[in-house]
Amino acid sequence: MMSTVEIPAGLKELLQGYTVEVLRRRPPNLAEFAVQHFTRILESQRNDQQDKKPNTESVQKEVTFESDTDEPNKHEEEEEEEEEEPVPVKRPSGKTNRRTAVCAEAYNPDDDEDDDTEPRVVNPKTDEQRRRLQDACRDILLFKTLEQEQFSEVLDAMFEVLVKPQDHIIDQGEDGDNFYVIEKGVYDIFVQKDGVSICVGKYDNKGSFGELALMYNTPRAATIVATQDGALWGLDRATFHRLIVKNNAKKRRMYEAFIECVPLLKSLEVSERMKIVDVLGARAFKDGDRIITQGDKAECFYIVETGEVKIMIKSKTKASQQDNAEVEVARCSRGQYFGELALVTNKPRAATVYAVGETKCLVIDIQAFERLLGPCIDIMKRNISQYEDQLVALFGSSDDLKQ
């Protein structure tokens with residue numbers, strides 16, 4: 001009989017709080033950051049214990065509870081919340097403050113076993129609205145891995161939000177309720193640091209925001225303020241969980257073992273590999289299908305999951321007097337990757353790639369490539385150098401590669 005291990009009380013909350021801070025601040029040294037983070041918690045607990053009576057219950061970690069019957073404690077909690085609440089940049093009149101969440105329980109997609117029986121959210125749209133919505137969602141990373149039926153459900157559930165200058169879309173510290181896709185408008189990103197609101201960036205007529213609070217049930221990490229008239233499309237928390245988060249969890253289970261076997265990704269931390277899984281797309285090809293065309297603009301990076309591909313280059317060679325004759329220079333099979341050369345060098349595709357037999361590839365678009373595969377760039381550059389040496393040996397000169 002298998003013995004069960006009891007999880008110590010408070011461990012889950014401590015680890016969740018640390019994970020949230022790591023995702024927010026992205027420290028270069030996780031171990032050093034962990035020491036600092038838990039030292040602050042320990043000091044806070046000691047201070048709280050000194051302030052409380054000896055017979056008080058142990059200090060609650062990370063979560064604030066309110067009681068209707070204990071007025072003194074409620075008063076103390078309200079004072080603490082007032083001290084911790086971020087100073088708003090500017091809040092338009094009529095918008096009410098919601099209670100700030102200090103830490104929330106992480107969402108577990110596997111808990112929603114019966115979510116398929118829940119009614120689907122449908123917000124009616126005109127043909128013109130749906131066209132605009134589809135255009136706005138075309139390049140959103142979180143949607144790229146959805147099945148067509150799931151994507152249609154997302155479009156059905158989304159609702160239009162018209163904004164004016166200085167409208168706060170989300171406020172740092174608040175609970176997350178919606179995920180937003182930008183159709184048009186410019187939006188400043190503010191983060192509270194030492195009581196001062198600092199603009200750390202902006203969205204300019206494209207992009208999306210608000211997914212972090214929904215994926216990890218954490219408070220909003222920033223304040224987003226519209227700087228001009230604009231339009232957004234919102235997706236409610238329940239639909240986001242049911243379609244986006246659960247789809248990512250299923251995909252992680254499907255590709256986790258495979259990604260761990262990809263040599264290129266072995267230099268990444270486990271958490272970094274899982275982020276890559278979250279943005280993976282899958283494409284199936286038949287024998288002879290052209291996957292990449294030489295000279296085209298690079299938009300994605302490929303990893304072979306099953307099957308094989310051949311890499312061909314157009315060049316005039318001694319063996320062939322025909323201009324632009326395609327010559328096979330390499331093949332890639334399971335676990336190998338291709339398409340990185342144009343992304344690393346920021347140049348058009350240097351080769352054409354065809355499927356050999358039934359082939360399935362995992363795809364990472366250029367935005368995710370730049371954001372998540374930074375630690376692998378040096379490895380890719382070394383491989384690219386070897387690749388170019390092989391081509392020079394094959395063609396006798398590197399000049400053919402520039403044609």
Side-chain angles (χ1 to χ4, degrees), residues 10-27 30 33-34 36-38 40-41 44-45 48 59-66 74 76-92 95-109 111 142 161 167-181 187-203 207-226 232 234-241 244-245 248 271 275 278:
L11 175 62
K12 186 176 181 180
E13 290 80 3
L14 281 174
L15 294 180
Q16 287 175 353
Y18 171 68
T19 302
V20 168
E21 290 303 310
V22 168
L23 291 172
R24 285 182 179 175
R25 304 186 184 187
R26 301 192 181 279
L30 292 178
F33 183 77
Q36 297 172 353
H37 174 76
F38 290 114
R40 286 195 298 268
I41 292 178
S44 176
Q45 291 176 356
D48 289 345
V59 180
Q60 296 170 351
K61 303 178 183 66
E62 301 285 63
V63 182
T64 300
F65 295 95
E66 293 183 354
K74 180 177 180 180
E76 290 175 4
E77 292 169 358
E78 290 174 347
E79 289 181 350
E80 290 175 1
E81 289 179 359
E82 290 174 358
E83 292 174 359
E84 296 177 0
E85 185 175 2
V87 179
V89 182
K90 183 176 181 181
R91 183 181 294 277
K95 183 171 181 179
T96 58
N97 283 315
R98 288 182 296 174
R99 183 176 181 274
T100 299
V102 181
C103 184
E105 184 178 359
Y107 171 70
N108 182 2
D111 291 341
L142 287 173
V161 180
D167 276 358
H168 283 221
I169 315 306
I170 62 177
D171 284 290
Q172 184 175 344
E174 286 189 350
D175 292 331
D177 49 6
N178 298 314
F179 167 68
Y180 294 97
V181 172
Y187 305 83
D188 285 338
I189 308 167
F190 291 93
V191 173
Q192 289 287 332
K193 294 183 179 179
D194 300 325
V196 178
S197 186
I198 301 174
C199 184
V200 297
K202 67 172 56 181
Y203 295 98
S208 60
F209 55 85
E211 73 278 9
L212 182 63
L214 301 186
M215 293 181 76
Y216 300 101
N217 271 11
T218 58
R220 296 295 195 187
T223 297
I224 308 294
V225 182
L232 301 165
L235 181 66
D236 65 277
R237 170 194 285 268
T239 304
F240 185 92
H241 278 177
I244 308 298
V245 179
N248 278 358
S271 60
K275 289 177 183 177
D278 285 344

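In this text the structure is predicted, and so the values were computed from the model without any measurement.
For the pair R237 (side chain) and G176 (backbone), a donor-acceptor distance under 3.5 Å is present. Listed for the Q172 side chain is a donor-acceptor partner under 3.5 Å among the backbone atoms of Q192.
Nearest heavy-atom pair, G210 versus F179, reported as atom, atom and distance to 0.1 Å: C-CD1, 4.1 Å. When all heavy atoms of G173 and P219 are compared, the pair lying nearest together is O-CB, 3.6 Å. Of all non-hydrogen atoms in A221 and V191, the two that sit nearest each other are O-CG2, 4.1 Å.
A heavy-atom distance below 4.5 Å is found between the side chains of H241 and N217. By the 4.5 Å heavy-atom criterion applied to side chains, Y187 and I170 are not counted as neighbours. Contact annotation: the side chain of D171 approaches that of T223 to within less than 4.5 Å [non-hydrogen atoms, C-beta and beyond]. Two residues are said to be in side-chain contact when any heavy atoms from C-beta on lie closer than 4.5 Å; I224 and I189 meet this criterion.
With sequence neighbours excluded, no residue satisfies side-chain hydrogen bond (donor to acceptor under 3.5 Å, both in side chains) with S208. Residues passing the side-chain hydrogen bond (donor to acceptor under 3.5 Å, both in side chains) test with Y180, sequence neighbours excluded: N178. The side-chain hydrogen bond (donor to acceptor under 3.5 Å, both in side chains) search around D236 returns T239, not counting sequence neighbours.
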For this session: Please report the C-alpha distance between R220 and D177 in whole Å, then the side-chain angles of each, then the deciding distance to 0.1 Å, and finally whether the side-chain contact (heavy atoms from CB on, under 4.5 Å) criterion is met.
Result: CA-CA 10 Å; R220 296 295 195 187; D177 49 6; 3.3 Å; yes
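Taken to the nearest 0.5 Å, the CG atom of L235 stands 6.5 Å off from the CD1 atom of I244.
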